[in-house]
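Here is the structure we will look at, set down as structure tokens.
In what follows, every chain begins at residue 1, and chains take the letters A, B, ... in the order their sequences are listed.
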Number of protein chains: 2
Amino acid sequence: MAAIAARWSSPARLHPLTRRRLRFSASFSSAMAVPASAGFGWADALRVAGDVGRGDESDLSGYFRKVQICNRGMCANLIPYGITAFKNGTGLLMDGGERCWWRFVEHLRDFHDVFTIVSGNNGSNTVENVSLHSSLRTPEDRTHAIGDVIKSLGEMIPGIRNELYPVTSSYGMPSYFSLERAAAPYFGIKAYGVHMNGYVEKDGQKYLWIGKRSDSKQTYPGMLDHLVAGGLPYGISCKENIIKECEEEAGIPRSVSTNAISVGAISYMDIEGFRYKRDVLFCYDLKLPDDFVPNNEDGEVDSFKLIPVAHAANIIQRTDFFKPNCNLVIIDFLFRHGYINPDCHGYLDLLEGLRSGDCS
Amino acid sequence: MAAIAARWSSPARLHPLTRRRLRFSASFSSAMAVPASAGFGWADALRVAGDVGRGDESDLSGYFRKVQICNRGMCANLIPYGITAFKNGTGLLMDGGERCWWRFVEHLRDFHDVFTIVSGNNGSNTVENVSLHSSLRTPEDRTHAIGDVIKSLGEMIPGIRNELYPVTSSYGMPSYFSLERAAAPYFGIKAYGVHMNGYVEKDGQKYLWIGKRSDSKQTYPGMLDHLVAGGLPYGISCKENIIKECEEEAGIPRSVSTNAISVGAISYMDIEGFRYKRDVLFCYDLKLPDDFVPNNEDGEVDSFKLIPVAHAANIIQRTDFFKPNCNLVIIDFLFRHGYINPDCHGYLDLLEGLRSGDCS
């Protein structure tokens, strides 16, 4: 039980650098730039993309803002109101501050058979300790009980996908239980995904394939996206998942997608409303043949464009057109392919910022 | 003055993950595997290199050991005896524990005009606070005063190179003063370097150019090395430095070396004897023409070999033939080029381990 509670937050892993990094730019924005409807078209994106040479190429501030957007609530003055400590291996210790996310726990109080919530005081704040009820002894028990809670909460957790995510201490470790994908951030549970940049090299210049999400997509409709990305459900390896997503999202046959290479990972921790999103994204690169044209097969992508990497960088720096976490994966690509160089002020801070979350 | 003292260690940047990471392998070795004389030849290295398929390819333990070797003294039970906190912006706070590195400070006590050392107690340990003397107001004053101290210490700091390193809060920030390169780790001052993997791609397979250091080299004689690497002295950009080192170390003309791309950075913190080494290495990749053959021009390299990347990985996993920090830069290469994949147990821990030090 203690171990399960620990999954909800392992405060020892809160990255101390996060505070410093997020202070880098004075213009921290507390509002996430995610319009309900994207409100832009390819023409708008391409206009910004090609507008090269107007800004200072060594100015990384646009990238820093994208890191901040994925790490809201992590700036110095908010941390004391978030998760503070993990106590005696018995559960999750939080204060009773003003954070919206923490107030979600109020909605769990009625489920006496599922959660044990103990209030106390840490000297300066009211603290509460949440753990799963000791009667839930097996992963199946827990999965079933939490599943029932999620059903009971109804519209409080929108966007149910009927897709189970494993709850583990870190990637590859045994699963304590599973829960609905859409519910993971409400319980502060870490989720894993695979994100792939598909690129082409012509005459020594690199181009990225960029997707525009369908306007009817439930999340981030109409926004720009990678060629391929997806969550990592229970029981499938990263490699198999990326191959599956390549097929579904971009019509890339296995003979090509098997050449996708893993290149690292990014992570972030974001608090918004009742959601505490803790994601780790495994990043992949796939170098595609010059003449390859992606073809979406699951209706989730409206269209694709192939644009020079420097143009994609422009869009990231100057707009909020990309789905927020895609920015980070593309910034990682820019680092690895030499588009951001050490002589730019803030290089190392930005590099560290790409793994602001618990990356385990 | 306070700011200068802070440079000697910014404890807020001590990475909390380090403890967990270094606990990953139970077989932590406290002895650095750096023989005075390398004691192996190319034939030995190539024998291990080509011995593919004997080990478990998904076993990353050999890589973890290399991370540990560069981060001695950072395991859980030693951290309390290292640097503990930075107090009130007035200087560097340490305990008076058993760490050899800390005992170096004893040798600074006689320099009353240069250092201010204040003893105290933090409740459970004796602590000492070291800062530069307030009379040293300009960078030039400090450089001169510390330079004199280093001269006075004589053989205590061996390997003087007559190469000045800037002391900054983080990369690219103004220099507080400069000091002799060989002395940086004795004062716990962070140093920066550039390391480059030179590779060739033939028939879809990648090969790394590996150097064997000259037997007469002062540091790590006879050990394996990258194609090109060097410290980052005062007043030169990373890009210019890598171009200069390419020319000197491998005879790579500017027309080729200008294609080297920056790909990220690694960092480590290592305590050995009186030295507390805090390095940040900017990593570069250079894809070379198939027919290129490196040619050392400064006498520091005995010879070069081109070997398949998987063979270099074998050498890292199974031997201590590489200069220790080169292992980390090559492991970073293995990550970025897909030779280590997320389905290997410990993938994320190892990835984080490559930046165990203060990477700023």
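- B:V280 touches chain A through its side chain: at least one heavy atom from C-beta onward sits under 4.5 Å away, while N, CA, C and O do not.
- Using a 4.5 Å cut-off between heavy atoms, A:Y339 does not touch chain B at all.
- Heavy-atom pairs under 4.5 Å with chain B were tallied for A:C344, A:G172, A:C283, A:S237; the largest tally goes to A:S237.
- In this structure, the ring of A:Y165 has its center no less than 6.0 angstrom from the ring center of A:Y192.
- Residue B:I340 touches chain A through its backbone alone, counting heavy-atom pairs closer than 4.5 Å.
- In this structure, the side chain of B:Q317 engages the main chain of B:G62 through a donor-acceptor pair within 3.5 Å.
- A ring-centre distance under 6.0 Å is not found for B:Y207 and B:H311.
- Checked against the 6.0 Å centroid threshold, B:F333 and B:Y199 count as a close aromatic pair.
- With respect to the salt-bridge test (charged N to carboxylate O, under 4.0 angstrom), the residues A:R254 and A:E240 qualify.
- Of the residues considered (A:S267, A:A260, A:C238, A:A265), A:C238 shows the highest number of contacts with chain B, using heavy-atom pairs under 4.5 Å.
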